[in-house]
Structure formats: structure tokens, C-alpha cells
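In what follows, a structure is listed as C-alpha cells, so that the remarks can point back to it.
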Amino acid sequence: MENAATAPAGLNFEPSTEINIIKKELDNFIDQEVKPLEQKYDQYLGEDGMYNRADENGKMTPEFQEIRNTIRKKSAEAGYLSMSMPEDLGGGGMGDLAYSIVFEHLHNRNPDGFHRMMMPGDSEGMGGPVAPQPDNLTDYQKEKWVKPSIDGELTNGMGLTEPDHGSDPTWMDSTAEKDGDEWVINGTKCFSTMAPIADFWVIHARTSGEDGDVRGISSFFVDRDNLGIEVGKYQRYMGDPLSHQAFVHLDDCRVPKENMIGEEGRGLLDQLKNFGGARVYIAAHCVGRSQWMFDQCVEYAESRKTFGEPIGTNQFVQGMLADLRADIEQTRWLYRHAAWQADNGEVPRWEISAAKLRGAQLWNKAADVAIQVHGGTGVMSSLPFEREYREARMSRIVEGTDEIQKRTIAREFLDLD
Ligand SMILES: Cc1cc2nc3c(=O)[nH]c(=O)nc-3n(C[C@H](O)[C@H](O)[C@H](O)COP(=O)(O)OP(=O)(O)OC[C@H]3O[C@@H](n4cnc5c(N)ncnc54)[C@H](O)[C@@H]3O)c2cc1C
């Protein structure tokens, strides 16, 4: 049997000294730059916080957008906003393993806080500007859309899902047809995150091929002020008063050929490579959120007494916490292993799906356990657990449902053709 000294270095997914320094610096940044804003604008925190962030239509208020912009710009200056983006684009060029460990750490704190706006992922689609690979971008595109996003100056949406096609985006109905030096896009997108306040979108539309072909779907930058694009009805989820999603209608939307990302017909194909990374980050995010709730539960189990004893002395309570502790650790190693594989040039499709599947299930379970351990207080909105319970649910849908992750996993071992 190998001992620790001879085990291959690649099997150690613990944070390196460098990552631990980044985590410490991130904590300092939050203490110095984010917490003072939380103290100044505490009307946006706690049980009424989300209500105060939205206007009567569910759109983020200009006042809260201002706070968001401030945090994003400071985070960009300090190098956090774009840590995972390629260096050629002005990002930090961090690998998947390092980034996801830092991302887990970011989310291992009270979820009501403003820290969530520091890095992409808070209801704006993991992966920030759904970063196209630098090789697929022209200098013009880098300067006009990507760099300002990395600097925290622009917010983007992504339009892939349609009312009739979600899990099956290669069956999309949106089309783009060439007309001289322009492309004319038609179609409707839904659930487009950040659409109510987006400055531009990455829109996917079919330019050739048949239903089911991933080839033939192209991607375009579309500005908000384009007369052919219109943000439709806002969409709210699970009791959140803030609408992060909306329908987006494209009606003879004309964009110059310079707006096409990468090669014609390869837009979605190239983009799918990024969705893998996004799924790893979602899993890391879920672990961070779950770890924070677990720690709150432990504290409560030690201090809350019933029948004259701390509730943690009961085996039923211990059992809930022990199970959750094991699940957190299991998911942590699933996502770290998948991230490490990706960093080492592998394409760990099923491992990424397994991490995302378990991550989403973990976050839901952790919120449920947190409520149960805290009893009546757990369901009251004075604590964040009921908000976690609601918010966690969407993680089993977004970036591929549980069933789509299972489909990817099953395809790894079933050879039925
Ligand atoms: C909060 C949130 C944010 C989002 N942000 C964006 C965004 O910014 N941009 C964007 O383009 N989209 C976004 N989406 C859309 C998201 O990607 C889709 O909702 C998701 O892919 C599922 O598609 P659907 O909702 O159409 O469900 P459907 O595809 O209709 O699925 C319905 C049910 O059928 C199951 N199912 C479908 N096909 C299969 C199959 N082959 N095998 C087994 N089960 C199957 C699904 O698992 C699900 O249970 C967002 C969604 C949410 C909830």
C-alpha cells in the first residue's frame, strides 16, 4: 500500500499555500471593502433585504445597482471578479481547481451578504460573461464587450434556453440568416439571467443544420440598444421578489457580421466547453453554502437545550449532522477531482456531472437540515435558512437538471447503440 510520501502528488486536492493566501486576502477584502457597505446599507440585508433591492416590477432598484457596481468594480481592481478568465483577456487565468476552491470559500459565509456580487455566479450565470475562449474573439470583441465585463463595467445576459427548448437546446427555434454584411436574428429566449439590467447578450441561434445538430448553432453579441431586441416579461423564482430572469425577444434583430463569436456554426459547440467549468463552480458554490449552514447547525446543537441537555446530545440530531458532514466532504472531493482532471487536460464529462448533481442535492439537503435542527426558528425569515431552502431548489434545474446530469453519467457506462 502506498503511503502519503509516495502517493502521486495529483491525488492531493487540498488548497496549496498560494490558494490559502488568496483565501486570506479575500477575507481581508470582504472585511475592508464589502462589510462597510453592508453596515452603511443594512436595509438590503436580512429578512427584508431582497424586497428592498427590487422595485415594484421586480427590477433591481437603481440604488442597489449602484452598490452592485461599486462592489464589482472594486472586486475587478483587486483581481477577484475575473480570476477565472484567461490572462489574454485581462483575467487572472486561474485553473479550475484553484478557482473552485476559492469560490467555495467565498460562499462559506452568511448568504445574505454583499460578497455574493464580488465574483460571477450570483444569479448572473456561472462563468461571468460566459467567457468565450480568447481564440474565438476578435480584438474588436475583446475591447467592446469582454474587457469591460471583466472590469465590472458591463453586465451581460446569455440567451440559449427558449420557451420550447431547455434541456434540448440543439433543437432551438431561433434562427439567424445572413443578409449582406449583417445577420438577422429571430426568436424568443427565456430565463435569461440578468436580462432586466443586462447591457448586452450572447445570443445563440441556428444558422444551418437540423434539429438536434450542435453544429450549425452560432453565437452573437447583441447590445441592449439594438432595436431588434426587447426584454419581455420579467420572471421571478421561488418567492424571490427580485426578478433576475426575463424573456428576451429578437424580432428581425440585425447585427453586423463582426458580432459573431468564433466560427459560423460552432458557437454553441465552443460554448459547451465552458458549461463544464460552470458546473464545477456550481458544485463548489453548493459546498460553500452547505458548509456554512452545517457550521451554524453545530453551534446551535451545542447551545440550544431541550430537556435540560444540548440538542446535540441526541442521536437523531447527531445523525442529521453526521450525514450532512459526510455528504459535504463527498461532494467537495467530487468537484475537486473533476476540476483537477480538467486542469490536467482531461474532459471529465461524467465526473463534472456527478459533482454538479451531488452539489445541487447537497445544498437542498443542507437547507432542510438547517431548518430542522433550528426548529421553529429555522422556518422564520429572521434567519437565512428558509431563504436558502427556497434558493437552493433552482440549483437542481439550472445548468442542466438533475436528470440531464444523470443522463450524462449513464452515457459513460451504457453502450446501447
Ligand atoms: C434560475 C435559472 C436561471 C437560468 N438562467 C439561464 C440563462 O441565463 N440563460 C439561459 O439560456 N437559460 C437559463 N436557464 C434555463 C435552464 O438552463 C433551463 O431551465 C434548464 O436547462 C432546463 O430546461 P427547461 O426548464 O426547459 O426544462 P425541460 O427541458 O423542459 O425539462 C423538464 C423536465 O424534463 C426532464 N427531462 C428533459 N429531457 C430529459 C431527458 N432527455 N432525460 C431525462 N429527463 C429529461 C428535465 O430533467 C425536467 O425534469 C435558467 C434557469 C433557471 C431556473
Side-chain angles (χ1 to χ4, degrees), residues 50 58 116 120-132 149 155-174 185 187-206 211-212 214 217-222 224 229 231-250 261 267-268 271-272 274-276 278-279 281-282 285-286 289 350 353 356-357 359-361 363-364 387-388 390-412 414 416:
M50 294 307 270
R116 292 173 51 179
D122 182 20
S123 307
E124 55 187 300
M126 295 279 173
V130 200
S149 302
T155 292
N156 75 286
M158 196 268 285
L160 176 63
T161 307
E162 300 179 348
D164 288 336
H165 301 290
S167 300
D168 54 349
T170 56
W171 291 67
M172 71 171 54
D173 296 321
S174 296
I185 313 172
T188 292
K189 303 292 179 180
C190 62
F191 307 141
S192 179
T193 300
M194 295 325 265
I197 62 164
D199 299 297
F200 71 93
W201 281 263
V202 171
I203 296 285
H204 301 277
R206 185 166 287 291
D211 279 352
V214 65
I217 296 178
S218 304
S219 310
F220 304 87
F221 287 110
V222 183
R224 189 182 193 93
I229 194 165
V231 177
K233 191 176 184 313
Y234 293 174
Q235 297 175 290
R236 297 180 181 167
Y237 66 82
M238 296 289 283
D240 188 343
L242 195 53
S243 300
H244 295 289
Q245 280 75 34
F247 285 90
V248 176
H249 305 288
L250 298 122
I261 302 170
L268 182 59
Q271 190 78 77
L272 286 173
N274 298 342
F275 290 161
R279 287 175 182 178
Y281 302 157
I282 291 178
H285 167 254
C286 294
R289 301 278 283 252
W350 83 263
S353 281
K356 197 289 175 163
L357 173 72
Q361 290 172 340
W363 186 12
N364 280 268
R387 289 187 283 289
E388 286 290 88
R390 285 186 278 131
E391 192 181 345
R393 192 62 184 83
M394 62 85 187
S395 67
R396 293 183 52 204
I397 308 285
V398 75
E399 293 288 344
T401 63
D402 282 5
E403 293 70 35
I404 292 302
Q405 308 307 335
K406 286 179 192 172
R407 180 176 180 259
T408 304
I409 296 167
R411 286 179 154 200
E412 180 69 20
L414 285 175
L416 296 177

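Counting starts at 1 for both ligands and their atoms, in listed order. The analysis underlying the following values was restricted to heavy atoms, covering all of them including side chains, and did not include hydrogens, waters or symmetry mates. Predicted model only: the values in this text are computed from it and were never measured.
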Atom indices of ligand 1 within 4.0 angstrom of [X] heavy atoms, with elements:
| X | answer |
| --- | --- |
| Thr193 | 3 (C), 4 (C), 5 (N), 6 (C), 7 (C), 8 (O) |
| Arg407 | 41 (N) |
| Val398 | 2 (C), 3 (C), 4 (C), 50 (C), 51 (C), 52 (C) |
| Ile397 | 19 (O), 20 (C) |

So is [X] polar-close to ligand 1, meaning N/O to N/O under 3.5 Å?
| X | answer |
| --- | --- |
| Gly159 | no |
| Asp168 | no |
| Met394 | no |
| Ser167 | yes |
| Phe191 | yes |

Check: Can you tell which part of Lys406 has a heavy atom less than 4.0 Å from ligand 1: side chain, backbone, both or neither?
Finding: neither
Notebook entry, point to check: For ligand 1, is any non-hydrogen atom under 4.0 Å from Thr401's backbone (N, CA, C, O), its side chain (CB onward), both, or neither?
Noted result: side chain
Item checked: Geometric class of the His244/Tyr237 ring pair [parallel <30°, tilted 30-60°, perpendicular >60°] -> tilted
Next item on the list: Check whether any side-chain heavy atom of His204 lies under 4.5 Å from a side-chain heavy atom of Ser174, and answer yes or no.
Entry: no
Next item on the list: Scan Asp211, Ile217, Thr161 and name whichever one has a side-chain contact (heavy atoms from CB on, under 4.5 Å) with Met172.
Entry: Ile217
Note to self: Suppose the criterion is salt bridge (charged side-chain N to carboxylate O under 4.0 Å, His left out): which pairs have a residue in residues 157-167, not counting sequence neighbours?
What the structure shows: Glu162-Lys189
Notebook entry, point to check: Nearest heavy-atom pair of Gln405 and Leu357: which atoms, and what distance?
Noted result: CB-CB, 4.0 Å
Note to self: Which option wins on minimum heavy-atom distance to atom 1 (C) of ligand 1: Arg396, Arg393, Gln245?
What the structure shows: Gln245
Notebook entry, point to check: Say you draw a straight line from CZ of Arg289 to CD of Glu388; how long is it, rounded to the nearest 0.5 Å?
Noted result: 4.0 Å
Item checked: Qualifying residues under side chain to side chain contact (heavy atoms under 4.5 Å, CB included), relative to Thr401, sequence neighbours excluded -> Ser167, Ile397, Glu403, Ile404
Next item on the list: Step through the shown structure and confirm whether more than 12 heavy atoms of other residues, nucleotides or ligands are within 6.0 Å of CZ on Arg390.
Entry: yes
